[in-house]
Amino acid sequence: MSKRATFRAKLAQKPLTAIIGAHNPLGARLAEEAGFDGIWASGFELSAAMGVPDASIVTMTQHLDMTRFMDAAIGIPVVADIDTGFGNATNVIHATRQYEAAGVAALVIEDKTFPKDTSLLAGGRQELVRVAEFEGKIAAAVATRRDPDLLVIARTEALIAGLGQEEALMRARAYEKAGADAILIHSKRKTPDEIVAFVEAWDGTIPLVLVPTAYPDMTEERIRALGKVKLVIYGNHGVRAITQALTDTFRRIRADGGVLGVEGAIAPTERVFAVQGVAEMKAQEERYLR
Ligand code: SPV
Ligand code: MG
């Protein structure tokens, strides 16, 4: 079975599927090793890794290239965060072709205007496109995919934009009618109340997707108990872990004037060799270098 078919079947059968953000194959491999069901090719993570805000500055091609590298490096599926689809429905058609060819299992398209602003930023510029415009974008992605197993997930930012439950529900229902396979409902509240209220009120037939970054007390056990939610995305914990680890390590080396003090706290070189696949390369050399 293809990664795509496996992922679609998992979402249908498993009570809850869990994926985590990555922005390069190293992180993707570590996520696979840790037991995640898949990778979230996060726009926020890649933007941060490139040292720019998550505001449609990283281009589609840059995100696509990294997504392709990640997909090729791992055996678990990749869910691509394609933001707004990089423009209008025509851009979505192009993006769908490209990401499908890159091997992803799912596309997540959000109903913000292009260029977007990142969702969790206090005071961020959160403007949504008209419902009809976004229905067209979802319908365009659905009609463009060649493989029916490629999931098209519609993400509404209605709660992020402060537009309330009724707007969020109205949009989610419209996006289901437009052909979405699932609805991602995002929130930046510190508590899960508005997400719980949305999930309880959800009367559609397609499953929901949550990103419990702002409300971290929402555990998988609690999500499973809610029902209706089939996918949880841990959006940015990798890039935050790296930011902290590099901050601590670099400062310590500078303060100590040497690397002895960090030796015990960082991965040995051999561990990096292992994640890079050096052992496989050596086996290949043994077999093929003549
Ligand atoms: C991302 O990881 O790029 C996301 C999730 O879209 S969030 O940053 O919470 O909007
Ligand atoms: Mg994103």
Side-chain angles (χ1 to χ4, degrees), residues 18-24 27-28 31 36 38-60 62-64 66-67 70 77-87 91-92 95 99 104 106-129 134 137 141 151-163 168 171 175 180 182-192 194-195 198 208-218 223 229 231-243:
I19 66 174
I20 193 157
H23 59 267
N24 61 29
F36 283 96
I39 292 299
W40 168 240
S42 159
F44 173 77
E45 286 225 355
L46 185 60
S47 300
M50 292 182 71
V52 297
D54 177 25
S56 304
I57 296 168
V58 170
T59 68
M60 187 200 82
Q62 289 167 329
H63 184 265
L64 176 67
M66 191 52 78
T67 299
M70 291 198 287
V78 175
V79 175
D81 172 13
I82 64 164
D83 288 352
T84 65
F86 310 99
N91 300 83
V92 167
Y99 281 83
V104 304
L107 299 174
V108 175
I109 314 173
E110 66 195 46
D111 58 1
K112 287 213 291 252
T113 52
F114 176 87
K116 58 163 271 183
D117 202 355
T118 202
S119 302
L120 300 179
L121 181 68
R125 178 180 45 76
Q126 307 298 342
E127 293 151 4
L128 272 51
V129 294
F134 198 69
K137 288 169 100 165
L151 293 165
V152 175
I153 301 175
R155 162 172 168 175
T156 182
E157 296 279 289
L159 299 179
I160 292 281
L163 300 177
R171 282 179 175 263
Y175 304 161
I183 300 290
L184 190 160
I185 178 72
H186 204 10
S187 166
K188 61 181 173 196
R189 290 253 179 99
K190 300 273 178 276
T191 62
E194 71 173 4
I195 283 293
F198 181 93
L208 299 175
V209 180
L210 298 186
V211 186
T213 306
Y215 48 97
D217 52 333
M218 185 58 117
I223 296 173
V229 180
L231 179 64
V232 59
I233 300 175
Y234 299 114
N236 58 27
H237 300 79
V239 81
R240 286 164 60 197
I242 286 169
T243 301

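Start at 1 and go down the list; that is how both ligands and their atoms are numbered. Count residues from 1 along the sequence.
- Within ligand 1, counting atoms from 1 as listed, the ones closer than 4.0 Å to a heavy atom of Gly235 are 2 (O).
- Proximity annotation for atom 6 (O) of ligand 1: of Glu110, His186, Arg155, His63, Arg155 comes nearest, heavy atoms only.
- The aromatic rings of Tyr234 and Phe36 sit perpendicular to each other, their planes meeting at more than 60°, with 30° as the lower class boundary.
- In this structure, the side chains of Leu184 and Ile233 come closer than 4.5 Å at one or more pairs of heavy atoms.
- In this structure a side-chain-to-backbone donor-acceptor pair under 3.5 Å is missing from Glu127 to Thr113.
- A donor and an acceptor atom, one from each side chain of Arg155 and Ser119, are located under 3.5 Å apart.
- Using a 4.0 Å cut-off to heavy atoms of Gly43, the atoms of ligand 1 that qualify are 3 (O).
- Residues Asn91 and Lys137 are not in side-chain contact: their nearest non-hydrogen atoms beyond the backbone lie 4.5 Å or more apart.
- Within ligand 1, the atoms closer than 4.0 Å to a non-hydrogen atom of Leu120 are 9 (O), numbered from 1 in the order shown.
- Considering backbone and side-chain atoms alike, Thr118 places every N or O at 3.5 Å or more from each N or O of ligand 1.
- Remark: Ile242 pairs with His23, Leu246 by the side chain to side chain contact (heavy atoms under 4.5 Å, CB included) rule, at least two apart or across chains.
- Looking at atom 2 (O) of ligand 1, its nearest protein heavy atom turns out to be Ser42 OG, 2.6 Å.
- Side-chain contact check for Leu163 versus Gln126: every heavy-atom pair is 4.5 Å or farther apart.
- Residues Asp111 and Thr156 have side chains that bring a donor and an acceptor to within less than 3.5 angstrom of each other.
- Residue Lys116 has no N or O atom closer than 3.5 Å to an N or O atom of ligand 1.
- Panel note: side chain Asp81, backbone Gly43; a donor-acceptor pair is recorded below 3.5 Å.
- Residues Phe198 and Leu208 are in side-chain contact: their nearest non-hydrogen atoms beyond the backbone lie under 4.5 Å apart.
- Shortest contact from atom 8 (O) of ligand 1 to any protein heavy atom: Phe44 CB, 3.7 Å.
- Listed by chain and number, the protein atoms of type N/O/S under 2.8 Å from the Mg ion (ligand 2) are Asp81 OD2; waters are omitted.
- For ligand 1, the atoms lying closer than 4.0 Å to a non-hydrogen atom of Ser119 are 10 (O).
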